[in-house]
Every structure is written in C-alpha cells, then in structure tokens.
Amino acid sequence: MKNVRFALMAVAVTLAAGTAVATNLQNKAERAETKYFKTSTGEFAVAGIKDYDYVCAWDHFGTCTYTFDAATGTYRSSEAGKILFLR
C-alpha cells in the first residue's frame with residue numbers, strides 16, 4: 001500500500017512541476033509578443049509595456065489589448081479589459 005501511495009505522489013509531483021514549467025514558458029512567449037490597442041478610428045496601434053505605457057482594468061465585455069496573427073493577417077484578442085491609462 002505504501003508503494004502505491006508513493007508512486008501516486010511521485011506522479012502528482014512530476015505532473016505539477018511539468019505544468020508549472022509549461023505555463024511559465026507560455027507566459028514568457030505571450031509577454032514577448034507585441035501588444036496593440038484599438039484606436040477610436042478602428043485602427044490598431046502599439047500599446048507598449050503593460051503597467052508602464054498602459055494600464056488595463058478588468059472589464060467583462062471589453063478587450064484591452066490585441067496581438068497580430070501573422071498566419072491569418074488579423075488581430076486577435078490578447079487580454080480582456082479596458083485601457084484606463086495610455087502613455
């Protein structure tokens with residue numbers, strides 16, 4: 001019984017560590033992408049660095065920033081919210 005419990009605990013720890021590493025890598029890649037915001041004329045402009053060039057507040061129905069998808073040539077939603085401050 002102890003061996004089974006040890007094996008299950010080892011699998012759980014390994015799975016948790018793998019998930020943490022994968023999430024960290026995904027977050028780094030997402031932060032490296034250029035963020036855009038939609039201007040009042042409907043065009044997209046570079047937003048800059050979060051919490052320095054712009055501040056985004058949570059908003060259920062709005063989109064704060066976008067990223068450019070080169071494969072389709074369109075902008076896709078990156079972060080939900082609304083821009084409170086833009087430098």
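Keep in mind the model is a prediction, meaning the values are calculated, not measured.
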Hits for side-chain contact (heavy atoms from CB on, under 4.5 Å) against D53, two or more places apart or cross-chain, chain-then-number order -> I49, R87
T34 and V46: which non-hydrogen atoms are nearest, and at how many Å? CG2-CG1, 4.1 Å
Describe, in one word, how the ring planes of Y66 and F44 are oriented to each other, choosing from parallel (under 30°), tilted (30 to 60°) and perpendicular (over 60°). perpendicular
S78 and K35: which non-hydrogen atoms are nearest, and at how many Å? OG-NZ, 2.8 Å
Do Y75 and K38 come within less than 4.5 Å of each other through their side chains, counting heavy atoms only? no
Might you point out which heavy atoms bring A80 and C56 nearest each other, and give the distance in Å? O-SG, 3.9 Å
Closest heavy-atom pair and its distance - F37, I83: CB-CD1, 3.5 Å
T65 side, atom OG1; R76 side, atom CZ - distance, nearest 0.5 Å: 10.5 Å
Check this for me, if you would: do K50 and E79 make a salt bridge, where the nitrogen-to-carboxylate-oxygen distance has to be below 4.0 angstrom? yes
OG1-CZ distance between T74 and F68, expressed to the nearest 0.5 angstrom: 7.0 Å
Where do A47 and L86 come nearest, in terms of heavy atoms and distance? O-CD1, 4.2 Å
Kindly check if the number of other-residue, nucleotide or ligand heavy atoms within 6.0 Å of OH (Y52) is above 12? no
